[in-house]
Q: 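I am attaching a structure below and will ask some questions about it afterwards.
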Amino acid sequence: MTPSVIRSGAACGAEIVFDLSREMDAPTFRAIERAFHDNIVVVFRGQQLTNERQIAFSRRFGELEIHIVKKYLLAGFPEILLISNVKDEQGEHIGLADAGFTWHTDTSYRRRPSRCSLLYAKEVPHRDGRPLGDTVFASTIAAYEALPDAMKKRIHGLKAIHRYSARRRVPESPRPKLTGEQLAQTPDIAHPIVRTHPYNGRRSLYITAGECIGIEGMPQDEALDLIAELDAHCVRPEFLYRHKWQLGDLLMWDNATSMHLAICDYALPERRLMHRTTVIGTVPF
Ligand code: SIN
């Protein structure tokens with residue numbers, strides 16, 4: 001049976017009604033994959049997933065990435081990265097406490113950046129009955145399509161340079177610094193500013209001010225101005241979908257056609273705990 005899809009009405013985002021703890025045949029998976037590509041960000045509400053089940057569902061989309069920050073991998077399940085502000089008895093964060101606090105797309109610093117990421121809500125902070133810690137997504141397809149023709153021509157064929165450590169972190173970020181060896185595994189990488197989706201051929205913008213440090217063959221000042229202009233364009237309100245979390249949400253997003261931002265408007269004792277799996281994608285073209 002084809003799962004029903006309820007669109008958010010925003011530039012991206014939809015709910016897919018399906019219990020992911022059930023067996024899923026190939027036609028159902030294909031319908032889900034199509035709805036995912038069409039809507040860029042999809043949520044499965046009210047899930048009760050074991051770690052194994054989240055990993056198995058994620059693997060249907062491809063090989064899983066083991067995150068470079070090893071400290072926050074779930075014990076026994078290195079495919080799951082903990083994103084959390086919760087602290088253990090020693091006062092140490094149990095997960096990445098500052099993940100996604102600037103606009104980005106996941107692992108764009110890789111030669112094969114992430115195809116998609118899946119975030120499973122285990123604890124959602126609330127205040128006065130309202131959820132906190134929303135995640136905001138921008139459709140970079142809608143952003144590309146809205147560009148004036150002159151800008152489309154200007155950026156055609158250009159490549160931006162992405163860097164892991166370029167991202168602005170929160171002041172006094174608790175995130176461990178990468179070792180020299182880890183940094184050597186993430187050299188700067190150039191990707192096309194205009195990407196073609198490997199599954200549906202749609203074009204999108206692939207550039208963020210937080211990750212991109214230049215544009216190949218362009219003077220630095222001009223490149224930084226262009227990166228800032230495109231980044232600001234992508235996050236115009238009409239391209240956004242804001243996800244309000246519920247416990248048991250399994251949210252997944254297409255990293256080729258969106259960028260996202262985690263809103264940090266909560267603090268302990270308001271607890272947030274997410275389990276993230278990340279699927280490796282193809283080389284952008
Ligand atoms: C991320 O950027 O992967 C984290 C998003 C979130 O925690 O909402």
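Atoms within a ligand are numbered from 1 in the order they appear, just like the ligands themselves.
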Q: Can you tell which of L240, V41, I40 makes a side-chain contact (heavy atoms from CB on, under 4.5 Å) with S139?
A: I40
Q: Taking 4.0 angstrom as the limit and counting only heavy atoms of R276, give me the atoms of ligand 1 inside it, by number and element.
A: 1 (C), 3 (O)
Q: One residue to check: M274. Relative to ligand 1, which of side chain, backbone, both or neither has a non-hydrogen atom less than 4.0 Å away?
A: neither
Q: Heavy atoms, side chains only, cut-off 4.5 Å: are H260 and D106 in contact?
A: yes
Q: I'd like to check which ligand 1 atoms, numbered from 1 as shown, lie under 4.0 Å from a non-hydrogen atom of G100.
A: 2 (O)
Q: Check for me, please, whether L273 and L81 land in the same ILVMFWY cluster - side-chain distances under 4.5 Å, paths through other members count.
A: no
Q: Quick check on H104 - does any of its heavy atoms sit under 4.0 Å from an atom of ligand 1?
A: yes
Q: Need the ligand 1 atom indices (1-based, order shown) with element for anything under 4.0 Å from a heavy-atom of L119.
A: 5 (C), 6 (C), 7 (O), 8 (O)
Q: Does a side chain donor of either Y120 or R53 reach within less than 3.5 Å of an acceptor in the other side chain?
A: no
Q: Got a list of side-chain donor-acceptor pairs under 3.5 Å for residues 8-22, not counting sequence neighbours?
A:
from, atom 1, to, atom 2, distance (Å)
S8, OG, A10, N, 3.0
S8, OG, C12, O, 2.8
S8, OG, G13, O, 3.0
D19, OD1, S21, N, 2.9
D19, OD1, S21, OG, 2.6
D19, OD2, S21, OG, 3.2

Q: Atoms of ligand 1 less than 4.0 Å from I83 heavy atoms?
A: 3 (O), 4 (C), 7 (O)
Q: Which atoms of ligand 1 are found less than 4.0 Å from any heavy atom of T135?
A: 6 (C), 8 (O)
Q: List every atom of ligand 1 that sits less than 4.0 Å from any heavy atom of R272, numbering the atoms from 1 in the order shown and giving each element.
A: 6 (C), 7 (O), 8 (O)
Q: Kindly state each residue pair satisfying salt bridge (charged side-chain N to carboxylate O under 4.0 Å, His left out) with at least one member in residues 36-48, sequence neighbours excluded.
A: R45-D249
